[in-house]
Amino acid sequence: MGAAFQITRRVIARMPQNVWYFEQAHYPFLEQDDPDHIEDAVPECMWTAVASRPGLLAQGLRGAQVLREGARRLRQQTDRAIIGLFGGNLLEFGQFLYRNDNFFMLLAGEPERAHRFLDKLLEIHLRNLGPVPGRRGGLD
């Protein structure tokens with residue numbers, strides 16, 4: 001999402017004693033939201049702070065080319081379906097930023113505000129889809 005990453009020293013996740021997983025400890029929009037600053041909240045959430053695939057592979061000047069060439073090679077090796085993950089979570093992203101209970105209340109109680117958040121998030125996801133090869137119906 002956002003190109004800038006600032007270390008805030010905020011604890012965004014904790015691993016409870018005697019468990020194998022982390023629990024989210026900070027919800028950027030818990031107290032006050034600002035859909036115009038969704039991208040600023042990305043590094044403040046345990047689920048979005050670290051890029052997932054294709055993540056770093058797709059960045060930079062050659063990112064789209066690397067993805068396109070890899071997809072083409074894979075297509076030549078199989079007749080099976082190929083999917084490309086990029087994120088694009090809408091409802092889940094709201095839960096990451098607001099916390100589950102608060103996001104459900106926003107959806108149910110303030111639909112116009114929820115739509116504004118989801119519309120802004122959709123704009124970000126569509127912009128991030130830009131370098132993904134084959135998004136309009138094929139790899140070739």
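This is a predicted model, so every value here is computed, not measured. One is the number of the first residue; the rest follow in order along the sequence.
In this structure, OG1 in Thr48 is found 11.0 Å from CD1 in Ile38, a value given to the nearest 0.5 Å. Residue Leu126 holds its CG atom at 9.5 Å from CG of Leu121, rounded to the nearest 0.5 Å. Taking CZ of Arg99 as the start and CE of Met105 as the end, the distance is 11.5 Å to the nearest 0.5 Å.
With sequence neighbours excluded, the residues forming a side-chain hydrogen bond (donor to acceptor under 3.5 Å, both in side chains) with His37 are Asp34, listed by chain and number. Annotation: side-chain hydrogen bond (donor to acceptor under 3.5 Å, both in side chains) contacts of Asn100 (sequence neighbours excluded): none. Every residue two or more places apart in sequence or in another chain was checked for a salt bridge (Lys or Arg N to Asp or Glu O under 4.0 Å) with Glu123, and none qualifies. Remark: Arg113 engages Asp33, Glu110 in a salt bridge (Lys or Arg N to Asp or Glu O under 4.0 Å) (not counting sequence neighbours). Scanning for ring pair (Phe, Tyr, Trp, His ring centres under 6.0 Å) contacts around Phe29 gives Tyr98, with sequence neighbours left out.
Between Asn102 and Tyr27, the closest side-chain pair of non-hydrogen atoms is not below 4.5 Å. With contacts defined as side-chain heavy-atom distances shorter than 4.5 Å, the pair Asn89/Gln95 does not qualify. Between Phe96 and Met46 there is no side-chain heavy-atom pair separated by less than 4.5 Å. For the pair Leu107 and Leu118, the minimum side-chain heavy-atom distance is below 4.5 Å.
Closest approach of Asp40 to Pro43, counting heavy atoms only: O-CD, 3.4 Å. Taking both residues in full, the closest heavy atoms of His26 and Glu44 are given as CD2-O, 3.1 Å, listed atom of the first, atom of the second, then distance.
Both Met15 and Ile12 belong to a common hydrophobic cluster when Ile, Leu, Val, Met, Phe, Trp and Tyr are linked at side-chain heavy-atom distances under 4.5 angstrom. The hydrophobic clustering, which links ILVMFWY residues whose side-chain heavy atoms are closer than 4.5 Å, places Leu30 and Leu106 apart.
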| message | Apply side-chain contact (heavy atoms from CB on, under 4.5 Å) to residues Leu97 and Phe103 and explain how you reach the verdict. | response | CA-CA 8 Å; Leu97 299 184; Phe103 189 60; over 6 Å; no

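Residue pairs meeting the side-chain hydrogen bond (donor to acceptor under 3.5 Å, both in side chains) criterion with at least one member in residues 15-25, sequence neighbours excluded: Gln24-Trp47.
When the shell of 6.0 Å around CZ of Arg116 is examined, it contains more than 12 heavy atoms from other residues, nucleotides or ligands.
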